[in-house]
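No experiment lies behind these values; they were computed from the predicted model shown. All values below come from the heavy atoms of this structure, side chains included, with hydrogens, waters and symmetry mates left out. Below, chains carry the letters A, B, ... as their sequence lines are ordered, and counting in each starts from 1.
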Amino acid sequence: MNNSPIAASFLGMSLNTPVMGASGTFGFGIEYADFLQPEQIGAIISKGITPLPRAGNPGVRIAETPAGMLNCIGLENPGVEVFKKSILPNVVAWKVPLIVNMSASTVEEYGRLAEQLDVPGVAAVEVNISCPNVKEGGIVFGTDPQAAAAVTAAVKAHTKKPVIMKLSPNVTDIVSMAEAVEAAGADAVSLINTLTGMAIDIQHKRPLLGNITGGLSGPAIKPIALRMVWQVAKQIRIPVLGMGGICCWQDVVEFMLAGASVVAVGAYNFLQPTALADIAAGLEAYCRREGIFHIQEIVGKIND
Amino acid sequence: MNNSPIAASFLGMSLNTPVMGASGTFGFGIEYADFLQPEQIGAIISKGITPLPRAGNPGVRIAETPAGMLNCIGLENPGVEVFKKSILPNVVAWKVPLIVNMSASTVEEYGRLAEQLDVPGVAAVEVNISCPNVKEGGIVFGTDPQAAAAVTAAVKAHTKKPVIMKLSPNVTDIVSMAEAVEAAGADAVSLINTLTGMAIDIQHKRPLLGNITGGLSGPAIKPIALRMVWQVAKQIRIPVLGMGGICCWQDVVEFMLAGASVVAVGAYNFLQPTALADIAAGLEAYCRREGIFHIQEIVGKIND
Amino acid sequence: MPPRRYPGNLSIYIIQEAALFLRRPFGIVAAKNGHITIIYRIVGKGTEEMSRLTVGDVLSIEGPLGEGVFTVSDMPTLLAGGGVGLAPLIFLAAQSPEPIVLIAGKTAVETKCWVPFFAPYAKKIYMTTDDGSAGIKGMATAALDEIFSHHLLQRIAVCGPTPMMKSVAQAAAVKKISCEVSLEKRMACGIGVCLGCTGEYKNRDGRYKVCADGPVFAAEEVFA
Amino acid sequence: MPPRRYPGNLSIYIIQEAALFLRRPFGIVAAKNGHITIIYRIVGKGTEEMSRLTVGDVLSIEGPLGEGVFTVSDMPTLLAGGGVGLAPLIFLAAQSPEPIVLIAGKTAVETKCWVPFFAPYAKKIYMTTDDGSAGIKGMATAALDEIFSHHLLQRIAVCGPTPMMKSVAQAAAVKKISCEVSLEKRMACGIGVCLGCTGEYKNRDGRYKVCADGPVFAAEEVFA
Ligand SMILES: Cc1cc2nc3c(=O)[nH]c(=O)nc-3n(C[C@H](O)[C@H](O)[C@H](O)COP(=O)(O)OP(=O)(O)OC[C@H]3O[C@@H](n4cnc5c(N)ncnc54)[C@H](O)[C@@H]3O)c2cc1C
Ligand SMILES: Cc1cc2nc3c(=O)[nH]c(=O)nc-3n(C[C@H](O)[C@H](O)[C@H](O)COP(=O)(O)OP(=O)(O)OC[C@H]3O[C@@H](n4cnc5c(N)ncnc54)[C@H](O)[C@@H]3O)c2cc1C
Ligand SMILES: Cc1cc2nc3c(=O)[nH]c(=O)nc-3n(C[C@H](O)[C@H](O)[C@H](O)COP(=O)(O)O)c2cc1C
Ligand SMILES: Cc1cc2nc3c(=O)[nH]c(=O)nc-3n(C[C@H](O)[C@H](O)[C@H](O)COP(=O)(O)O)c2cc1C
Ligand code: FES
Ligand code: FES
């Protein structure tokens with residue numbers, strides 16, 4: 001398998017492909033068993049796990065937009081305990097590396113949660129900092145470099161797993177966010193999370209989404225994601241997990257050229273549940289056609 | 001004409017429709033004479049004018065993206081003097097209100113340019129602050145509330161025309177930008193300008209655009225634009241000129257419900273040069289169907 | 001993906017190339033010899049484009065989705081539907097022993113057009129219209145007293161607007177008739193991963209996913 | 001919009017519904033009785049989708065675009081084209097008095113397929129191929145010596161890849177033959193408002209727009 005041109009390494013993991021299922025769009029991976037073989041999946045990034053169970057947001061949670069979608073799921077999840085007891089064993093049995101996406105409301109909570117997730121079967125944690133910091137009065141961790149660094153340090157202090165900090169694109173300066181989490185010890189950054197957007201139901205003159213605003217994802221945001229990956233990858237030494245609108249192998253090549261070591265497919269999984277396999281096959285054919293011995297050779301190899 | 005349900009007022013101007021042509025996508029308006037009647041156009045917002053002529057960026061300037069496009073024109077324009085001498089008279093003869101979009105590299109230059117544009121035939125100025133401040137070492141006016149306020153004050157001090165500050169969406173906190181320019185005397189805000197994006201030519205392993213990055217516009221960004229209009233309109237007292245991905249009358253209704261007093265159509269003009277007329281007709285039919293006496297009744301009337 | 005299991009209210013997930021980003025869910029009206037029949041109403045962009053399809057156009061179909069389907073049984077059953085909610089009930093009618101059918105609609109035209117689909121299977125068809133132009137005047141519930149008085153029912157299957165499903169379920173509960181309802185929610189994934197379509201079970205702890213656990217539920221599971 | 005003026009290298013701007021955001025420019029090969037002919041190569045998403053169109057499908061066409069067209073004259077003219085650049089030259093050939101035609105291509109297959117289009121009008125057709133499999137081996141310029149020695153030309157019209165147009169223009173300049181070239185640039189608006197397609201005039205001050213001032217220019221206007 002490691003002779004495959006699309007085998008990839010990331011944070012010490014050996015992956016069959018550089019293409020993962022993005023958090024919140026891939027469940028816990030096993031839901032895709034009807035569509036994908038384990039070896040067609042680079043890694044599973046779980047739905048965001050929080051310390052306690054969360055019901056998520058009321059009302060409409062999904063809206064289609066041009067070349068994309070809005071969601072305001074609101075981090076619905078069974079909580080870390082149920083996850084560890086009832087879900088983790090099933091995922092482990094499936095033999096695909098599992099990266100657990102996690103979220104909390106205070107720096108301390110992030111640390112504690114990281115500790116609870118420092119268990120066998122978890123390959124790494126991806127820390128979602130796009131959520132409001134309840135203790136600091138709703139300031140979003142993901143838009144303030146110092147707050148993001150504090151979360152990074154707290155998580156690092158409580159786990160031996162590699163720590164991937166997932167950055168929000170809703171910022172003026174994505175590079176300073178990435179530099180802050182790198183300096184605080186992050187092992188990698190994931191970018192991008194969703195952009196905040198909105199849709200209005202003109203018939204009823206009200207927001208379409210139950211939460212009024214939601215996160216925009218899909219091909220619509222790809223140009224922004226690609227720009228951020230390119231800006232960040234040049235400035236930091238830790239690897240970048242790129243995502244945002246990826247639908248096909250060409251998109252993956254774009255992200256890797258821009259500097260992403262590995263990538264994740266998000267909303268497009270909904271359209272095409274075999275996406276990860278289709279993309280992997282396309283990437284493999286691309287490597288053979290172009291005489292690329294190992295796909296990660298192209299990472300950052302854009303001539304700008 | 002003012003009995004029309006879609007007649008609109010904005011900064012003391014009486015407009016035939018609330019739908020304008022956005023800066024950089026509508027030339028100086030007269031180029032649309034083959035497609036539109038003057039009375040079908042709310043107002044013309046000119047291509048960005050700078051103190052001196054600019055050649056713009058070299059290389060490829062246009063890339064299509066999912067439900068949108070990237071551009072890196074680089075403010076190509078003939079400069080304020082040529083504009084006033086050779087272009088303005090032709091536009092004035094066409095009898096559509098002209099808002100001049102302007103850009104400069106230092107606060108002082110913005111002031112001087114505003115003064116040069118304080119002439120008959122110019123209905124208002126729209127100040128583009130998405131460009132780098134050469135004096136302050138490239139910091140972008142549009143991402144720093146203080147710098148934006150300084151530009152606003154300088155422009156206001158040098159013109160008797162209404163001043164519309166055009167905000168960049170590439171910021172963490174659009175509301176604080178809007179509040180800063182309102183406090184500095186802006187008469188209205190325009191939002192949004194383009195989001196910074198990128199595309200890669202995987203065949204040649206290089207950026208597709210001559211300037212590497214470019215501005216993303218079109219329906220892809222509509223959910224973001226709508227969110228920003230909604231956030232800002234609630235917090236300021238001056239009117240909002242909304243834009244970003246508008247393609248049809250339904251989009252206009254969404255923007256107006258979110259709080260935009262008037263709107264502009266940008267990139268979609270390229271696809272459909274009769275867009276302004278089509279949208280105006282759709283809006284008028286909507287008003288009659290819904291018994292709306294005056295379209296601006298619905299501004300901000302979203303039930304959230 | 002090959003059809004998985006159960007007859008009943010199966011739904012599928014359709015997408016056309018390029019123009020849309022999300023798939024659209026529809027109930028199956030009939031499935032035979034590799035052919036699937038659906039009935040849909042044009043409400044927006046997706047259905048609008050579907051209406052312009054011609055023979056030879058290719059669609060990507062995913063499904064059947066979900067574990068929750070109407071129970072097929074030998075017991076006397078009422079199938080109550082409103083609007084396009086009637087479509088999946090046709091599939092169920094074909095598998096039920098002489099079901100009673102209740103068609104609820106706004107006008108005679110809208111209501112009567114469903115009759116031929118159910119006539120081959122139904123023991124009796126009732127209708128209600130908002131304007132009284134066909135059948136009984138009023139909501140679906142306006143017909144229930146008459147139906148209950150003439151037929152000894154043991155099951156009710158409802159598919160239609162939420163208020164209709166709620167009111168029929170309430171009437172069923174009073175009569176202690178078991179009632180199943182088919183929920184409609186905006187979906188993104190259709191396979192239980194996005195959590196766009198979830199709700200809280202009303203008769204126990206936990207949350208359901210309309211796409212994966214439904215779309216059909218026992219009424220008491222989802223209505224308080 | 002009704003056709004505006006001039007014969008020559010007119011281009012039009014095509015869009016299909018929904019799937020694309022920008023229109024696509026193409027040269028007109030023939031325009032008669034309300035019918036327009038174009039010849040295009042499949043290179044990406046837009047042309048790919050165009051290739052799947054069937055009779056009855058509806059396109060939105062804008063144009064003709066631009067003021068800059070090949071000059072139609074009675075003088076002896078060479079039409080030199082490479083790749084799909086040959087398409088608009090067919091239109092010009094039909095209006096020129098027995099033009100000399102130069103078809104430049106990579107292979108014999110690619111080159112010879114153009115011959116039937118020009119045969120009805122051309123006095124003589126030359127070919128060059130990269131691999132020598134048809135006509136003269138080499139770039140377009142490889143044929144110019146022979147052409148110049150056999151024909152007294154007063155005008156050259158070139159449409160093809162930029163390097164080809166540049167080298168033909170250079171050879172023309174040496175011979176003091178007036179030369180027109182047709183530029184290709186990525187366009188957004190097609191009507192001179194977006195400034196996506198501009199360049200600097202080489203023989204005077206100012207900037208041109210390929211879409212509005214072109215696509216055809218005197219060679220000296222655009223090549224240094
Ligand atoms: C399980 C299930 C079964 C269904 N069966 C049928 C059927 O047999 N016949 C039929 O006509 N309709 C059925 N519907 C409703 C149908 O899915 C919607 O009418 C359709 O998705 C509208 O798509 P559109 O693009 O035309 O509308 P748009 O409003 O343009 O769609 C925009 C988005 O909203 C979603 N959406 C809009 N209306 C609905 C709705 N009522 N329910 C769920 N999502 C919606 C779309 O899927 C899409 O994501 C069913 C819905 C569900 C959930
Ligand atoms: C004035 C003019 C006349 C033309 N005439 C012809 C013709 O007669 N026959 C023909 O086959 N081709 C012609 N072309 C080229 C043709 O426009 C492109 O091949 C076509 O736009 C590619 O579209 P796509 O969606 O298949 O490619 P994609 O690469 O998917 O297109 C992406 C974007 O890039 C643009 N683009 C891609 N290639 C080109 C190109 N070579 N030139 C300009 N824009 C490009 C597209 O318009 C689109 O905006 C002409 C171009 C111009 C400017
Ligand atoms: C329905 C949905 C739920 C998501 N949930 C999470 C989440 O729980 N945690 C997280 O970090 N990102 C979450 N995301 C963001 C995605 O992981 C990804 O960063 C984003 O969607 C951009 O990728 P895409 O354009 O390919 O979808 C979610 C996205 C979607 C569409
Ligand atoms: C080709 C192009 C050129 C533009 N030039 C300018 C400009 O000179 N000044 C400016 O303030 N905005 C400029 N814009 C931004 C638009 O005015 C508008 O804010 C943006 O495109 C969002 O609207 P849209 O999505 O409808 O295009 C330009 C946009 C495009 C596509
Ligand atoms: S539609 Fe995604 S969980 Fe139901
Ligand atoms: S394509 Fe817009 S100016 Fe030429």
Side-chain angles (χ1 to χ4, degrees), chain A residues 21-35 44 46-48 53-78 82 86 199 201 203 208-210 214 216-220 245 247 266-274, chain C residues 1-5 12-25 43-50 58-67 162 183-202 204-213 222 224:
Chain A
S23 177
T25 68
F26 210 66
F28 297 99
I30 41 182
E31 296 90 339
Y32 280 86
D34 279 349
F35 303 96
I44 295 161
S46 79
K47 176 66 194 167
R54 283 176 58 105
N57 287 320
V60 172
R61 293 178 171 189
I62 300 285
E64 193 184 53
T65 67
M69 60 174 284
L70 289 164
N71 89 78
C72 60
I73 308 300
L75 289 177
E76 171 170 348
N77 82 95
V82 173
S86 320
D201 173 348
Q203 205 192 326
L208 195 55
L209 294 175
L216 182 65
S217 57
C247 298
Y268 188 69
N269 288 306
F270 304 154
L271 194 86
Q272 193 47 270
T274 59
Chain C
M1 204 176 39
R4 277 185 305 184
R5 62 212 126 206
I12 51 168
Y13 220 31
I14 296 186
I15 186 76
Q16 294 147 260
E17 313 160 42
L20 302 174
F21 188 66
L22 295 176
R23 289 174 180 263
R24 302 292 193 262
V43 300
K45 210 172 127 191
T47 45
E48 169 71 41
E49 288 198 17
M50 277 173 62
V58 177
L59 293 173
S60 159
I61 296 181
E62 193 186 313
L65 308 174
E67 303 282 336
T162 306
L183 299 190
E184 214 177 277
K185 271 232 174 175
R186 277 168 196 255
M187 299 180 169
C189 71
I191 60 168
V193 297
C194 77
L195 310 185
C197 68
T198 65
E200 201 179 301
Y201 279 117
K202 293 296 186 294
R204 55 182 142 125
D205 278 353
R207 298 182 60 82
Y208 60 82
K209 301 167 184 170
V210 171
C211 66
D213 303 316
V222 292

Can you tell me how far the OG atom of C:S60 sits from the CD atom of A:Q272, to the nearest 0.5 Å? 5.5 Å
For the atom pair CD1 (A:I62) and CG (C:L22), what is the distance rounded to the nearest 0.5 Å? 7.0 Å
Criterion side chain to side chain contact (heavy atoms under 4.5 Å, CB included) on C:E62 and A:F35, from CA distance to verdict: CA-CA 11 Å; C:E62 193 186 313; A:F35 303 96; 3.8 Å; yes
Less than 4.5 Å to any heavy atom of chain C: does that hold for the side chain of A:A67, its backbone, both, or neither? backbone
Check whether A:A220 gets within reach of chain C through its side chain, its backbone, both or neither, counting any heavy atom under 4.5 Å. neither
Do A:P66 and C:F21 come within less than 4.5 Å of each other through their side chains, counting heavy atoms only? no
For A:Y32, is it the side chain, the backbone, both, or neither that has a heavy atom closer than 4.5 Å to a heavy atom of chain C? side chain
Heavy-atom distances under 4.5 Å only: say whether C:R207 touches chain A with side chain, backbone, both or neither. side chain
Got C:K209 and A:E76 here, is their nearest side-chain heavy-atom distance under 4.5 Å? no
Between C:T198 and A:R61, is the side chain to side chain contact (heavy atoms under 4.5 Å, CB included) condition met? List the steps. CA-CA 9 Å; C:T198 65; A:R61 293 178 171 189; 2.9 Å; yes
With chain C, the option among A:G29, A:G68, A:G24 that has the most non-hydrogen atom pairs under 4.5 Å is A:G68
Can you tell me if C:R186 uses its side chain to pair, donor with acceptor, with the backbone of A:A63 under 3.5 Å? no
Pair C:R24 + A:E64: basic N to acidic O under 4.0 Å: yes
SG on C:C194 to CG on A:N269, rounded to 0.5 Å: 11.0 Å
Could you check C:V193 against A:F28 for side chain to side chain contact (heavy atoms under 4.5 Å, CB included), going step by step and ending with a plain yes or no? CA-CA 8 Å; C:V193 297; A:F28 297 99; over 6 Å; no
Taking every heavy atom of A:F270 against every heavy atom of C:C189, the minimum-distance pair comes out as CD2-CB, 3.4 Å
